[in-house]
Amino acid sequence: MHVTATLPAPNTTPTAAAPTAAAAPVLPPLQIGPLTIESPVVLAPMAGITNRAFRRLCREYGTEGLAAGGASGAKSLYVSEMITSRALVERTPETMRLIEHDPDEQPRSVQLYSVDPATTAAAARILVQEDRADHIDMNFGCPVPKVTRKGGGSALPWKRDLFRAIVRAAVTEGAKRDVPVTVKMRIGIDDDHLTYLDAGRIAEAEGAAAVALHARTAAQAYSGQARWEAITRLKETVTSIPVLGNGDIWSAEDAIAMVAQTGADGVVVGRGCLGRPWLFTDLAAAFAGSNARVQPTLGEVTVTLRRHAEYLTDFYDGDELRACRDIRKHIAWYLKGFRAGSSVRNQLALVNSLTDLDGLIATLDLTAPWPGEAAEGPRGRAGSPRVVALPDGWLDSPELSETQRRQVAEAELSVSGG
Ligand SMILES: Cc1cc2nc3c(=O)[nH]c(=O)nc-3n(C[C@H](O)[C@H](O)[C@H](O)COP(=O)(O)O)c2cc1C
């Protein structure tokens with residue numbers, strides 16, 4: 001039986017949940033190099049989502065919200081959306097905004113996407129030498145066709161030497177100031193071209209501090225189900241560093257089930273927290289051995305939505321319109337399962353100012369209770385399986401040809417999403 005806790009209002013102490021019998025932590029803290037992550041939960045990097053504003057919201061629920069679960073203050077890891085190494089090296093204004101952290105954000109985590117060792121080293125150097133990050137995650141999971149077509153993202157680990165050289169470059173730069181580097185990847189390109197076990201071994205040998213597996217192939221994109229059994233295999237294969245499981249965690253119960261089933265040292269949670277940042281309260285509680293869960297009313301959900309919009313306004317240097325354009329994509333996730341007419345939903349999805357947002361929120365039935373089932377389960381991107389676009393002859397050999405080397409260098413330009 002779940003004991004429910006009330007969603008905390010901003011800047012107030014969360015309402016305490018009823019005490020629960022078991023309080024033994026489910027897992028020990030996660031050790032990522034020198035960083036101790038008390039609650040073994042990681043916010044997955046999500047392009048266009050996990051900016052400083054959203055991370056702040058998740059952090060608040062992961063720490064302050066946890067007071068409701070009885071083990072307050074436990075920290076998790078909240079990774080930035082992916083940063084293209086080349087754009088960082090070029091210091092484009094948008095990239096410099098994306099690598100910002102709140103003053104109280106600790107550890108400061110940045111995900112890099114890269115396809116060549118030299119650019120990786122240059123980008124990692126900026127983060128490390130200029131003291132801009134405490135943790136670097138490397139993205140080898142992107143299934144977007146315009147990336148894989150050039151050999152980047154989830155296509156890259158197939159070329160084992162290139163993969164090794166990129167990981168080595170990042171680890172070498174990180175080591176200069178004790179900044180740990182982790183690797184995030186998929187199972188492989190498709191069922192006939194699995195890469196994760198070799199990639200896991202290589203990452204471990206090159207000094208990565210942890211590996212995270214999104215248990216799908218690139219061909220699966222976001223369709224079907226994550227194959228948690230692959231996380232088990234990876235855990236059996238990579239034994240000296242933490243293995244993190246990722247894919248289809250929609251609730252704290254799913255996270256606990258994944259750990260029980262796979263033996264993973266921690267979990268990485270993406271779509272499950274879209275429009276539901278208080279999932280981090282539930283996750284922290286669950287890993288602390290508590291069964292307190294947050295089940296907010298619509299009024300409490302809209303307080304969070306409003307706060308998210310405010311944080312985005314701050315993130316965009318006071319540009320309210322830009323913040324509102326950003327919050328629009330979150331509306332359907334926040335309202336999932338609640339009764340709200342299509343007219344108000346449509347208007348919310350076109351909102352232009354915080355005042356408009358307030359006016360529209362005021363028309364909702366704010367007393368509506370958490371809808372239960374209707375609000376649970378999958379949210380966000382789904383999609384269908386596909387044939388993975390790859391450079392000509394990519395699968396012929398795990399070695400990189402000269403032509404392929406040139407092609408892959410182009411893969412770093414204008415990418416987004418994982
Ligand atoms: C909107 C969106 C953007 C994403 N962007 C990134 C990214 O920038 N880097 C990355 O490694 N993965 C990215 N991913 C993949 C997620 O990090 C995660 O691996 C995937 O969603 C599976 O986890 P989940 O089932 O918990 O969502 C993205 C996923 C989504 C839905």
Inset, instruction - For D265, enumerate each residue passing the side-chain hydrogen bond (donor to acceptor under 3.5 Å, both in side chains) test, keeping only those at least two apart in sequence or located in another chain. - result: K235

Legend entry - Expected output: side-chain R177 to main-chain D131 donor-acceptor under 3.5 Å: no

Legend entry - Side-chain donor or acceptor of S39 paired with backbone N/O of V41 under 3.5 Å: no

Legend entry - Working for salt bridge (Lys or Arg N to Asp or Glu O under 4.0 Å), residues R125 and E173: CA-CA 6 Å; R125 212 172 290 133; E173 290 306 320; 3.4 Å; yes

Please check if any side-chain donor atom of [X] sits under 3.5 Å from a side-chain acceptor atom of [Y], or the reverse.
{"X": "Q106", "Y": "D134", "value": "yes"}
{"X": "T36", "Y": "Q31", "value": "yes"}
{"X": "R186", "Y": "N246", "value": "no"}
{"X": "E300", "Y": "T304", "value": "no"}
{"X": "D137", "Y": "T182", "value": "yes"}

Inset, instruction - Search all heavy atoms of D190 against all heavy atoms of A219 and return the closest pair with its distance. - result: CB-CB, 3.8 Å

Legend entry - Y113 to G152 - nearest heavy-atom pair and separation: OH-CA, 3.5 Å

Residues forming a salt bridge (Lys or Arg N to Asp or Glu O under 4.0 Å) with [X], sequence neighbours excluded:
{"X": "R379", "answer": "none"}
{"X": "R386", "answer": "none"}
{"X": "E100", "answer": "R52"}
{"X": "D356", "answer": "none"}

Inset, instruction - Step by step, work out the salt bridge (Lys or Arg N to Asp or Glu O under 4.0 Å) result for R325 and D319. - result: CA-CA 10 Å; R325 286 199 178 120; D319 186 339; over 6 Å; no

Qualifying residues under side-chain contact (heavy atoms from CB on, under 4.5 Å), relative to [X], sequence neighbours excluded:
{"X": "A199", "value": "P157, F163, M185"}
{"X": "P34", "value": "D178, P180"}
{"X": "A212", "value": "K184, L244, V268"}
{"X": "D317", "value": "R97"}

Legend entry - Between CG on residue L234 and CH2 on residue W228, distance to nearest 0.5 Å: 15.5 Å

Inset, instruction - Report the distance from atom CD1 of I189 to atom CH2 of W394, rounding to the nearest 0.5 Å. - result: 8.0 Å

Inset, instruction - Before giving the answer on salt bridge (Lys or Arg N to Asp or Glu O under 4.0 Å), spell out for R233 and E229 the whole-Å C-alpha distance, their side-chain angles and the decisive distance to 0.1 Å. - result: CA-CA 6 Å; R233 294 288 89 72; E229 61 279 8; over 6 Å; no

Inset, instruction - Taking ring-ring contact (aromatic ring centres under 6.0 Å, His included) as the test, write out the residues that go with Y334, two or more places apart. - result: H308

Legend entry - Listed partners of W333 passing ring-ring contact (aromatic ring centres under 6.0 Å, His included), at least two apart: H330

Inset, instruction - Determine, step by step, whether R59 and D104 satisfy the salt bridge (Lys or Arg N to Asp or Glu O under 4.0 Å) criterion, reporting the C-alpha distance in whole Å, the side-chain angles of both residues, the deciding distance to 0.1 Å, and the verdict. - result: CA-CA 10 Å; R59 284 191 301 121; D104 66 342; 3.1 Å; yes

Inset, instruction - Hey, could you give me each pair passing salt bridge (charged side-chain N to carboxylate O under 4.0 Å, His left out) that has a residue in residues 42-51? Not counting sequence neighbours. - result: none

Legend entry - Member of R276, K336, R293 meeting the salt bridge (charged side-chain N to carboxylate O under 4.0 Å, His left out) criterion with E376: R276

Inset, instruction - Determine, for D314 against R56, whether the closest basic-nitrogen to carboxylate-oxygen distance falls under 4.0 angstrom. - result: yes

Inset, instruction - State yes or no: are the ring centers of Y78 and F54 separated by less than 6.0 Å? - result: no

